[in-house]
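In what follows, every heavy atom counts, from backbone to side chain, and hydrogens, waters and symmetry copies are set aside. Keep in mind the model is a prediction, meaning the values are calculated, not measured. Convention: sequence-line order gives letters A, B, ...; per-chain numbering from 1.
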Amino acid sequence: MGLNIIVLAKQVPDTRNVGKDAMKADGTVNRAALSAIFNPEDLNALEQALSLKSRYKDSEVTILTMGPGRAADIIREGFYRGADKGYLLTDRAFAGSDTLATSYAISRAIMKMKKVDLIIAGRQAIDGDTAQVGPQVAEKLGLPQVTYAEEVLSAEKNKIVVKRRLERGVETVEAPLPAVITVNSSAPACRPRNAKLVMKFKHAKTITERQNQSEDYIDLTADRPYLNIEEWSVNDIDADTEWLGLSGSPTKVKKIENVVFQAKEAKLLSATDKEMDELMKELIANHTIG
Amino acid sequence: MNNVSVICEIEEGKIADVSLELMTKGRSLANDLKCKLEAVVLGHNLDGIEKELFPFGADMVYVGDDERLDPYTTLPFTSIIVELFRETKPQIALLGATTLGRDLGPRISSALQSGLTADCTALEIGDHYVKKEDKTYKDLLYQIRPAFGGNIVATIINPDHRPQMATVREGVMKKEEYDKSYKGTLRKLDVDKYLKPEDLVVKVIERHMEKSKVNIKNSSIIISGGYGMGSKENFDLLYQLADTIGAEVGASRAAVDAGYAEHERQIGQTGVTVRPKLYIACGISGQIQHVAGMEDSSMIIAVNNDPNAPINKIADYVIAGDVLEVIPKMIRFYKQNTK
Ligand SMILES: Cc1cc2nc3c(=O)[nH]c(=O)nc-3n(C[C@H](O)[C@H](O)[C@H](O)COP(=O)(O)OP(=O)(O)OC[C@H]3O[C@@H](n4cnc5c(N)ncnc54)[C@H](O)[C@@H]3O)c2cc1C
Ligand SMILES: Nc1ncnc2c1ncn2[C@@H]1O[C@H](COP(=O)(O)O)[C@@H](O)[C@H]1O
């Protein structure tokens, strides 16, 4: 039995390598100064999907990403590693979505797809660190979820068996398909790009990308349909705009403050008995310790 | 109606610390809002569990006790809490940012279409003025959290949706009893009324829980040792100090590489990130890769015999001296002052 697997992958700014110019003077994030990467745990998710594909004949791995036009990079990256299909959800109406509005859009898109057996997301995206989209999508689709997955042990007879890595232990659970799972960074790393696949898919493009090509561009999608990255807008997923973007987002950002690491005014102490005694007294009095 | 609700977690038969910390916070929010504090506890063999919650100022404790609720699985918990919240309509709901809380919270928020803010480091009550509508929203929950890999701190609000939901990690809030003899009410939930057969489709086949060995991530005080500790034996001093003041021991990579401490204790870019209330860096120079994992600590004390060590730049207190002299003194004077 082949599995139809959807991998939810997000393009994120590389918050782990933030340089000095990452923050603008007004305290907002200078996204332009951060490189855009494949969210790390989404690569772990992709690997789980690809490993299932190699175990279960006739399986298909589809990448679904929501973001601006350049997020098509994520889909190409997925192709280079073995994914079969990609959908880019992109529309101005999605801008400003919080996790709930994002999961609404993603769940609408999944409802539009044919038969879906398994949806695999990363545990969390490094730009928000929320770990909410996976479970929220599951709820919107009325599907069971398995979070903190480390390995899908099997997917047979409409059931998956999954090993979960929890804060304080491991758990093996069984869930009926279709289901949503979210994958931890402790899961196996994603296989690297495959040179043949890079050759095959390097011209894969969305319709918008093809339109923006220069005059002498030859569109290959007619005889190579796999080079088409499907692009969906609000209308394609029958979404209600009320539930998207800012209006669909219950959470609002009231204030953002830059974290400034200026040199603090440190109190200098020597190691004498008197100073050490005073320090401990102070720490106890202000409840820092004790 | 419109109270503050804390979804409590059970750990080894007792209310988990993180839940009690949230009860303490919840009580103070309820006082600010002049409303009641409620707790929800689901699990099995929970007789008398409410007695652990009343001293934290719980006005109402909802208990769902059923063998199908232990071990935790997502769907039954979601069904019960979503339905309960539809009945009780809390204005605020808090959960621990644990594996359970982060599995359950988004599910509930998605079902109720209410906002959820993960990993808050502070929760406050405040107003919000919207110029466009010339409208002031009164008494909202300010959900304050670091964002963007810790590069910014954001205040999040949910003006129009209830409950306002937030998760908080263990150790971030202070656990404090409110009133030993506080009297609340216990209400047992009729679990059958809430559960649907399809809630029970996910089965836990095997479960292996370890007692936490090293738990630096959630520790509110961390004593970290670096290469300057000099040896594995000297690291014992750090464990002694940690035992004395109730802390965990962390380490720099150089200390781990030298075999002074286990890798699980490594703090920094390639270790864990921590933001305790107090971080004591002993014999750590403070290279950027280390600092990346601890700079959000509320208070930093550096013990270093080099007055120009980079760690001193971000420290609140700099103790210029030898670790082997300073740490025993800390132990001694802590004991003297807490007798
Ligand atoms: C890609 C990469 C990732 C890395 N990730 C991490 C990471 O996650 N975590 C991490 O910690 N490091 C990491 N490092 C290593 C980091 O750059 C430093 O090498 C390391 O943090 C130094 O450890 P240290 O401060 O203990 O040792 P040192 O730099 O050797 O400092 C020892 C300090 O102890 C002081 N000292 C010596 N003797 C005494 C004494 N008797 N009393 C008091 N003070 C004394 C010295 O003055 C000095 O300041 C990483 C490096 C790279 C390249
Ligand atoms: N815009 C998006 N497009 C595709 N997948 C997403 C998007 N946002 C979140 N996800 C998925 O949901 C997971 C959790 O995201 P978050 O809740 O933002 O931490 C990610 O690891 C992705 O798998």
Side-chain angles (χ1 to χ4, degrees), chain A residues 15-16 18 22-23 27 29 98-100 103 126-132 135-136 138-140 144-148 161 166-176 250-259 261 263-264 266-271 273 276-277 279-281 283-284 288-290, chain B residues 74-75 98-99 102-103 106-107 109-111 113-119 128 142 147-161 201-210 212 221 245 277-278 295 299 312-321 325-326 329-330 333-334 337-338:
Chain A
T15 55
R16 295 168 310 176
V18 174
M23 304 301 296
V29 178
D98 70 359
T99 63
L100 207 56
S103 42
I126 58 168
D127 56 345
D129 285 340
T130 69
Q132 291 172 4
Q136 286 176 336
E139 174 66 29
K140 299 235 173 298
Q145 75 192 38
V146 181
T147 53
Y148 295 91
V161 179
L166 308 178
E167 259 159 343
R168 289 179 193 151
V170 288
E171 197 177 80
T172 308
V173 300
E174 183 190 278
T251 58
K252 315 272 179 232
V253 176
K254 179 172 168 61
K255 194 170 74 179
I256 283 192
E257 281 164 304
N258 197 350
V259 181
F261 304 118
K264 288 186 198 167
K267 212 162 153 180
L268 290 175
L269 304 174
S270 67
D273 283 3
M276 293 308 296
D277 185 31
L279 173 66
M280 293 323 269
K281 278 200 176 104
L283 295 179
I284 293 163
T288 303
I289 56 178
Chain B
T74 315
L75 300 176
T98 56
T99 41
R102 296 178 130 228
D103 183 83
R107 197 87 202 194
S109 86
S110 184
Q113 186 64 20
S114 73
L116 166 63
T117 306
D119 282 339
H128 178 60
Y142 286 2
F148 246 80
N151 296 287
I152 54 176
V153 175
T155 302
I156 314 285
I157 48 171
N158 319 344
D160 300 308
H161 297 257
V201 292
V202 176
K203 295 192 176 64
V204 177
I205 305 173
E206 203 184 305
R207 202 176 149 84
H208 177 74
M209 288 295 155
E210 298 135 15
S212 50
I221 305 178
I245 66 175
K277 216 160 57 168
L278 174 62
E295 63 200 340
M299 183 190 284
N312 296 354
K313 287 211 189 65
I314 60 160
D316 299 274
Y317 293 90
V318 171
I319 305 174
E325 184 192 348
V326 172
K329 283 191 187 178
M330 286 185 155
F333 290 113
Y334 177 80
N337 288 306
T338 47

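Shown here for Tyr148(A) and Thr98(B), the closest heavy-atom pair between the two residues is OH-O, 4.1 Å. Contact record, Lys277(B) with Thr288(A): CE-O, 3.4 Å, taken as the closest heavy-atom pair. For Pro250(A) against Gly115(B), the heavy-atom pair with the smallest separation is CB-N, 3.3 Å. Heavy-atom minimum distance, Glu174(A) versus Ile205(B): CB-CD1, 3.7 Å. Here the closest non-hydrogen pair linking Ala266(A) and Asn312(B) is CB-O, 4.1 Å. Nearest approach of Ala131(A) to Pro106(B), heavy atoms of both residues: O-CG, 4.0 Å.
Ranked by non-hydrogen atom pairs under 4.5 Å with chain B, the options Val146(A), Thr130(A), Val161(A) are led by Thr130(A). The residue among Val202(B), Asn158(B), Ile157(B), Leu278(B) with the most heavy atom pairs within less than 4.5 Å of chain A is Ile157(B). The greatest number of non-hydrogen atom pairs below 4.5 Å with chain A, out of Asp119(B), Val201(B), Thr117(B), is found for Val201(B). Ranked by heavy-atom pairs shorter than 4.5 Å toward chain B, the options Asp277(A), Val170(A), Leu283(A) are led by Asp277(A).
Note that CD of Glu171(A) and NE2 of His208(B) are 12.5 Å apart. Values are rounded to the nearest 0.5 Å. Taking CG of Leu166(A) as the start and CE of Met209(B) as the end, the distance is 4.5 Å to the nearest 0.5 Å. Separation of atoms OG1 (Thr155(B)) and NZ (Lys254(A)) is listed at 8.0 Å; rounding is to 0.5 Å.
For the pairing with Ser110(B), the side-chain hydrogen bond (donor to acceptor under 3.5 Å, both in side chains) check across Gln132(A), Gln136(A), Lys140(A) returns one residue only, Lys140(A).
Contacts between Leu100(A) and chain B at a heavy-atom distance below 4.5 Å involve the side chain alone, from C-beta outward. Both the backbone and the side chain of Ser109(B) have a heavy atom closer than 4.5 Å to some heavy atom of chain A. Neither the backbone nor the side chain of Asp98(A) comes within less than 4.5 Å of any heavy atom of chain B. In this structure, chain B has a heavy atom under 4.5 Å from the side chain of Ile284(A), while its backbone stays farther away.
Using a 4.5 Å heavy-atom threshold, the side chains of Val253(A) and Ile156(B) count as touching. Considering only heavy atoms from C-beta on, Met280(A) stays 4.5 Å or farther from Thr338(B) through its side chain.
With respect to the salt-bridge test (charged N to carboxylate O, under 4.0 angstrom), the residues Glu139(A) and Arg107(B) qualify.
Looking at residues two or more places apart in sequence or on another chain, you find a side chain to side chain contact (heavy atoms under 4.5 Å, CB included) between Glu325(B) and Ala271(A), Asp322(B), Lys329(B).
Summarising the local packing, CD of Gln113(B) is surrounded by more than 12 heavy atoms from other residues, nucleotides or ligands at distances under 6.0 Å.
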